[in-house]
Amino acid sequence: MQPVTYGRALGGSVWCAAALIAVSVGPASAQGNAGEALSLKMPALVAKLQAPALRRAREQVEALIGDRAFDPARMEQLLSDPQFDGVARDHLRLALVRAARKLQTPPTALEAYVSSLQTHEDEVLTVHQEGPLAIPYFAIASAAEGTLSLWERRRTAKALVGAVALGELPDFRAYFREGAQDRLATAQRLGALDALASLPPAQLRTVSSALLRDLESVGALEAPLALIARKTADVSLFRKLLAVGRTHESLSLVGAVNNTLSPEEAFAALADAHRNPRLTSAALYALGHLIDRAPGVREYLLQALADQASGGSAAAVIAASEDRLLLDGVGRRLAQDEARDDRHRARLALTLRLANTTSARQQLRAALAEGVITPPHLAEEVRAWLGE
């Protein structure tokens with residue numbers, strides 16, 4: 001994307017329309033009047049940003065950030081230098097916003113200045129890659145919002161950790177209210193998660209007890225509770241979350257079970273997840289990694305083949321495992337016609353087909369010879385699979 005500079009006096013729809021016109025007509029000479037544009041190719045942009053005067057100005061911006069008594073007038077003085085055009089000014093604004101992110105606790109004046117940039121209309125635009133739309137090139141307003149959010153996140157985490165250190169139990173539930181999705185609420189929610197991530201397991205268990213009271217009614221609480229479950233390796237917390245889980249945090253928790261809990265504990269937790277319609281397939285996939293580690297997993301997977309909702313996932317997991325004992329169990333059920341219905345029988349045959357081992361093909365041939373693969377259309381499919 002090639003940046004294009006525009007006069008600062010343009011505003012609203014006129015500003016955007018002028019941008020589109022300037023892009024469509026290609027390079028033009030800069031006359032310095034509001035609304036006239038200069039198409040700026042990338043080499044020219046690089047040259048501008050490497051100019052000695054702009055490099056010195058960037059160093060002054062860094063010095064301003066390092067001064068605890070930040071003076072916004074000095075920043076405005078830098079921006080008003082007549083040798084700087086829109087590219088240079090927006091570049092310096094972005095340099096200020098990015099450098100400010102390094103500060104854990106910004107001066108009040110600096111925070112106010114960055115906050116004022118949330119409404120800044122960029123002086124440099126570019127053409128969107130997906131259509132004829134002029135968009136900010138440096139995106140000053142977006143960068144300012146990001147820096148403010150980061151400061152709020154750090155501030156929230158520091159306050160919560162400090163309260164816990166004093167023996168208090170902050171109301172973490174307040175940071176995970178349903179429907180709170182604005183920038184401030186999101187930053188505070190992330191700060192609360194940062195605070196929890198830094199607390200020792202003993203303190204986390206106290207926090208989890210308070211959060212669990214509202215788990216079933218407030219889905220957003222799954223995020224902090226999932227974090228606590230991982231840090232404390234609390235099997236009861238894992239099981240409660242996986243039994244009611246509705247969010248991606250609970251889904252990600254399925255993948256953490258085998259690396260956090262003992263094989264027996266993991267089996268119990270994944271069985272709870274399997275009974276949760278939102279996590280069924282993910283739970284079966286995770287159970288596939290416990291086949292040789294926890295007693296009863298093979299039989300559980302074989303039983304899951306009969307389940308209408310998750311039998312297909314169970315077939316895929318068993319086939320992918322290439323576990324001889326499991327596949328023999330599937331072949332035995334097919335040969336002895338132990339299927340509950342035609343769909344169950346089809347999943348037994350599908351499992352052997354997906355495994356595609358020598359033994360699995362032999363079992364399918366034997367089942368065909370015994371006439372236990374029914375109805376007829378399924379038998380025809382199996383013959384086609386076998387090339388017979």
Side-chain angles (χ1 to χ4, degrees), residues 239 242-246 248 250-255 257-258 263-264 266-388:
R239 297 189 65 172
L242 294 176
V244 303
R246 294 145 289 191
H248 72 275
S250 290
L251 179 60
S252 67
L253 204 60
V254 172
V257 168
N258 290 336
E264 291 76 14
F267 182 14
L270 291 173
D272 290 331
H274 177 228
R275 289 187 285 272
N276 182 339
R278 303 175 187 88
L279 305 177
T280 295
S281 294
L284 288 173
Y285 177 81
L287 279 167
H289 296 282
L290 291 176
I291 290 172
D292 289 321
R293 299 173 59 201
V297 172
R298 286 187 177 88
E299 185 60 30
Y300 189 95
L301 289 172
L302 289 171
Q303 293 288 345
L305 279 172
D307 180 61
Q308 184 171 342
S310 63
S313 295
V317 170
I318 293 171
S321 75
E322 297 186 356
D323 183 85
R324 181 65 182 266
L325 293 177
L326 261 177
L327 293 173
D328 284 350
V330 172
R332 186 166 53 254
R333 281 167 167 74
L334 186 61
Q336 297 174 1
D337 199 17
E338 295 180 3
R340 296 180 185 177
D341 52 39
D342 286 348
R343 290 183 178 181
H344 184 195
R345 188 176 296 107
R347 285 192 291 272
L348 290 169
L350 175 63
T351 304
L352 296 174
R353 166 69 176 92
L354 292 174
N356 202 31
T357 63
T358 300
S359 174
R361 290 192 294 272
Q362 289 174 346
Q363 289 171 324
L364 284 173
R365 289 191 180 94
L368 281 173
E370 293 293 328
V372 294
I373 298 183
T374 57
H377 71 81
L378 177 59
E380 288 302 316
E381 282 192 52
V382 173
R383 290 190 182 93
W385 290 345
L386 295 172
E388 299 177 352

Quick one: closest heavy-atom pair of [X] and [Y], and the distance?
X: Arg383; Y: Leu368; result: CG-CD1, 3.8 Å
X: Asn258; Y: His289; result: ND2-CB, 3.7 Å
X: Ser359; Y: Asp328; result: OG-OD1, 4.0 Å
X: Val254; Y: Ala286; result: CG1-CB, 4.0 Å

Can you confirm whether more than 12 heavy atoms, excluding those of [X], are under 6.0 Å from its [atom1] atom?
X: Glu322; atom1: CD; value: no
X: Arg343; atom1: CZ; value: no
X: Arg365; atom1: CZ; value: yes
X: Gln308; atom1: CD; value: no
X: Glu264; atom1: CD; value: yes

Exercise. Who pairs with Phe267 by ring pair (Phe, Tyr, Trp, His ring centres under 6.0 Å), at least two apart in sequence or on another chain?
Worked result: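 Only Tyr300 meet the ring pair (Phe, Tyr, Trp, His ring centres under 6.0 Å) criterion with Phe267.
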Look up atom [atom1] in [X] and atom [atom2] in [Y], then write down how far apart they are to the nearest 0.5 Å.
X: Glu299; Y: Leu326; atom1: CD; atom2: CG; result: 9.5 Å
X: Leu284; Y: His274; atom1: CG; atom2: NE2; result: 4.0 Å
X: Arg347; Y: Arg333; atom1: CZ; atom2: CZ; result: 13.0 Å
X: Arg345; Y: Arg340; atom1: CZ; atom2: CZ; result: 13.0 Å
X: Leu348; Y: Glu338; atom1: CG; atom2: CD; result: 9.0 Å

Problem set entry | Short side-chain to backbone donor-acceptor contact, Asn276 and Gly245, under 3.5 Å |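 Yes; judged by distance alone, with no hydrogens or angles, the pair exists.
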Exercise. Counting N and O atoms only, with roles assigned by atom type, does the side chain of Ser310 sit under 3.5 Å from a partner on the main chain of Ser313, one being a donor and the other an acceptor?
Worked result: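 A pair under 3.5 Å: no.
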Do [X] and [Y] touch side chain to side chain, with heavy atoms closer than 4.5 Å?
X: Leu352; Y: Val382; answer: no
X: Arg278; Y: Leu251; answer: no
X: Leu270; Y: Val297; answer: no

For this session: State which residues pass side chain to side chain contact (heavy atoms under 4.5 Å, CB included) with Ala367; sequence neighbours excluded, sorted by chain then number.
Result: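 Side chain to side chain contact (heavy atoms under 4.5 Å, CB included) list for Ala367, sorted by chain: Leu334, Val372, Ile373.
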Exercise. What pairs with Arg332 under salt bridge (charged side-chain N to carboxylate O under 4.0 Å, His left out), at least two apart in sequence or on another chain?
Worked result: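 With neighbours one apart ignored, the set is empty.
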For this session: Walk me through it: do Ile318 and Val330 pass the test side-chain contact (heavy atoms from CB on, under 4.5 Å)?
Result: CA-CA 9 Å; Ile318 293 171; Val330 172; 4.2 Å; yes
